[in-house]
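Quick note on labels: first sequence line is chain A, next is B, and so on, each numbered from 1.
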Amino acid sequence: MKKSLHSPNSIEELMLRAESMAGLTLGQLANFHEIQIPKDLKRHKGWVGQLIELELGALAGSKPEQDFAHLGIELKTIPVSALGKVLETTYVTVAPLTNIQGLTWEESVVCHKLQQILWIPVQGDRDIPLSLRQIGSPILWRPSAEESAQLKQDWEEIMEFISMGQVDKVTARHGEVLQLRPKAANSQVLTDSIGRDGKLTQTNPRGFYLKTQFTQRILSQLL
DNA sequence: ACATGATCATGC
DNA sequence: GCATGATCATGT
């Protein structure tokens with residue numbers, strides 16, 4: 001994947017570039033950037049996101065920062081069906097499993113990443129060839145007071161389990177809008193976590209994800 | 001049909 | 001291993 005050269009200097013510029021993508025297919029965008037189009041996403045799960053980053057001038061890399069840190073904006077592509085239905089949960093960030101004493105929602109990485117998101121809907125039905133899938137209109141979102149409250153409540157409940165050494169008791173069913181799920185190369189991967197009596201143990205790494213119904217409401221409500 | 005738990009690629 | 005980008009694929 002090529003590195004983008006220009007990053008937008010303002011939210012207005014970013015939104016104009018995002019709006020100008022609407023209606024284009026992934027094939028058109030890939031051809032423009034001279035990027036190879038995979039047969040499907042089975043072994044290229046991040047391909048769509050990377051392509052959109054390239055077009056919008058996001059600063060690539062594995063930094064734990066927002067995509068447009070200078071604008072305070074996180075970029076997320078979101079697969080939707082032909083009927084506009086959200087098809088996948090949205091990964092937010094890795095969950096901290098140690099050194100979390102005193103950590104508050106307001107200080108959390110989840111809260112920071114969700115301050116402002118630029119959603120780019122992309123057709124995600126698997127029966128549409130990747131190159132023919134169309135990009136939708138961008139949606140700039142900031143959580144409402146109600147949404148923030150929901151997110152905070154879920155986060156605090158989940159973090160309580162983690163801090164009590166009960167991370168293995170948390171399933172994706174916990175949380176109304178925010179959930180905790182495995183986030184690793186596979187289920188054998190281990191990382192430090194809080195165990196019995198506050199001692200360190202190891203467990204499969206977890207990530208925070210937004211549930212589809214929550215994301216669905218964001219997209220529907222703003223369309 | 002759908003969400004949960006598992007997984008894939010890449011850079012450092 | 002951790003952080004980025006996510007979707008896959010099976011169980012319910």
Side-chain angles (χ1 to χ4, degrees), chain A residues 1-4 7 26 29-30 33 35-69 73-100 108-110 112-114 117-130 133 135 154 158 167-193 200-216:
Chain A
M1 192 72 68
K2 284 187 178 178
K3 181 187 172 191
S4 62
S7 190
L26 297 180
L29 211 53
H33 289 283
I35 296 300
Q36 291 265 314
I37 305 168
K39 172 177 173 290
D40 56 45
L41 296 178
K42 288 181 183 178
R43 292 187 173 275
H44 302 271
K45 298 182 180 181
W47 186 82
V48 177
Q50 298 284 314
L51 180 62
I52 300 299
E53 281 188 345
L54 189 62
E55 171 66 14
L56 294 181
L59 307 171
S62 58
K63 292 170 294 187
E65 300 171 4
Q66 289 162 309
D67 298 283
F68 303 96
I73 294 177
E74 173 78 8
L75 176 67
K76 290 290 181 191
T77 60
I78 181 74
V80 297
S81 74
L83 300 176
K85 186 168 195 173
V86 169
L87 294 174
E88 293 288 348
T89 55
T90 302
Y91 170 69
V92 180
T93 186
V94 170
L97 303 181
T98 61
N99 300 319
I100 54 178
S108 71
V109 176
V110 179
H112 288 161
K113 289 222 176 184
L114 297 180
I117 293 187
L118 178 59
W119 297 97
I120 308 291
V122 177
Q123 289 183 330
D125 287 316
R126 295 187 203 177
D127 57 6
I128 305 177
L130 199 51
R133 296 184 193 177
I135 299 164
D154 286 348
I158 292 168
V167 64
D168 288 328
K169 292 204 161 36
V170 181
T171 72
R173 296 166 186 78
H174 287 82
E176 295 294 323
V177 299
L178 187 71
Q179 62 183 179
L180 192 72
R181 303 222 307 277
K183 172 61 175 171
N186 58 61
S187 59
Q188 314 310 310
V189 173
L190 295 175
T191 191
D192 285 349
S193 67
L200 278 187
T201 184
Q202 295 217 303
T203 192
N204 193 220
R206 314 299 165 93
F208 282 109
Y209 296 79
L210 297 178
K211 300 186 74 171
T212 55
Q213 289 192 12
F214 182 74
T215 311
Q216 182 75 68

Just compare [options] and give me whichever is closest to any side-chain atom of [X].
X: Tyr91(A); options: dC8(C), dG5(B), dA6(C); answer: dA6(C)
X: Val94(A); options: dA3(C), dC2(B), dT7(C); answer: dA3(C)
X: Lys76(A); options: dG1(C), dG5(C), dC8(C); answer: dG5(C)
X: Thr89(A); options: dT4(B), dC8(C), dA6(C); answer: dT4(B)
X: Arg181(A); options: dG1(C), dA3(B), dT7(C); answer: dT7(C)
X: Lys183(A); options: dG5(C), dC8(C), dT4(B); answer: dG5(C)
X: Pro182(A); options: dT7(B), dC8(B), dT4(C); answer: dT7(B)
X: Pro79(A); options: dG1(C), dA9(C), dT7(C); answer: dT7(C)
X: Thr77(A); options: dA6(C), dG1(C), dG5(B); answer: dA6(C)
X: Asp67(A); options: dT7(C), dT7(B), dT4(C); answer: dT4(C)

Do [X] and [Y] touch side chain to side chain, with heavy atoms closer than 4.5 Å?
X: Glu53(A); Y: Asp67(A); result: yes
X: Trp47(A); Y: Ile35(A); result: yes
X: Leu26(A); Y: Ile135(A); result: yes

Would you say [N] has OP1 or OP2 under 4.0 Å from some side-chain N or O of [X]?
X: Arg126(A); N: dC8(C); answer: yes
X: Lys45(A); N: dT10(B); answer: no
X: Thr212(A); N: dC2(B); answer: no
X: Arg173(A); N: dG5(B); answer: yes
X: Gln50(A); N: dA6(C); answer: no

Using whole Å, report how far [atom1] of [X] lies from [atom2] of [N].
X: Asn186(A); N: dT4(B); atom1: CG; atom2: P; value: 21 Å
X: Leu87(A); N: dT7(C); atom1: CG; atom2: C1'; value: 10 Å
X: Lys113(A); N: dA6(C); atom1: NZ; atom2: P; value: 10 Å
X: Phe208(A); N: dT4(C); atom1: CZ; atom2: P; value: 13 Å
X: Glu65(A); N: dC2(C); atom1: CD; atom2: P; value: 19 Å
X: Ile35(A); N: dT10(B); atom1: CD1; atom2: P; value: 13 Å
X: Leu59(A); N: dT10(B); atom1: CG; atom2: P; value: 21 Å
X: Asn99(A); N: dC2(C); atom1: CG; atom2: P; value: 12 Å

For this session: Let me know, please, whether Gln213(A) or Tyr209(A) comes out on the 5' side of the other along DNA chain B by nearest nucleotide.
Result: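 Here Gln213(A) is the residue nearer the 5' end.
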Problem set entry | Residue met sooner reading DNA chain B from 5', once Ala184(A) and Lys211(A) are mapped to nucleotides |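 Going by which nucleotide is closer to the 5' end, it is Lys211(A).
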Contact class for [X] vs. all strands (heavy atom < 4.0 Å): base, sugar-phosphate, or nothing?
X: Ala172(A); result: sugar-phosphate
X: Val189(A); result: sugar-phosphate
X: Gln188(A); result: nothing

For this session: Give me the one residue out of Thr215(A), Val177(A), Val110(A) that meets side chain to side chain contact (heavy atoms under 4.5 Å, CB included) with Leu210(A).
Result: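 That would be Thr215(A); it is the only one of Thr215(A), Val177(A), Val110(A) passing the side chain to side chain contact (heavy atoms under 4.5 Å, CB included) with Leu210(A).
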Exercise. Mapping Asp192(A) and Arg133(A) onto DNA chain C by nearest heavy atom, which one lands closer to the 5' end?
Worked result: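 Checking each residue's closest nucleotide, the 5'-ward one belongs to Asp192(A).
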For this session: Would you indicate whether Asn99(A), at its atom CG, is surrounded by more than 12 heavy atoms from other residues, nucleotides or ligands within a distance under 6.0 Å?
Result: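 No, because the 6.0 Å sphere around CG of Asn99(A) holds 12 heavy atoms or fewer from other groups.
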Exercise. Do Thr89(A) and Arg181(A) pass the side-chain hydrogen bond (donor to acceptor under 3.5 Å, both in side chains) test, and can you show the C-alpha distance, the side-chain angles, and the key distance before you say yes or no?
Worked result: CA-CA 11 Å; Thr89(A) 55; Arg181(A) 303 222 307 277; 3.2 Å; yes
Problem set entry | Sidechain-backbone polar pair: Gln123(A) side chain, Arg133(A) backbone, donor-acceptor under 3.5 Å |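 Side chain of Gln123(A) to backbone of Arg133(A): no pair is present.
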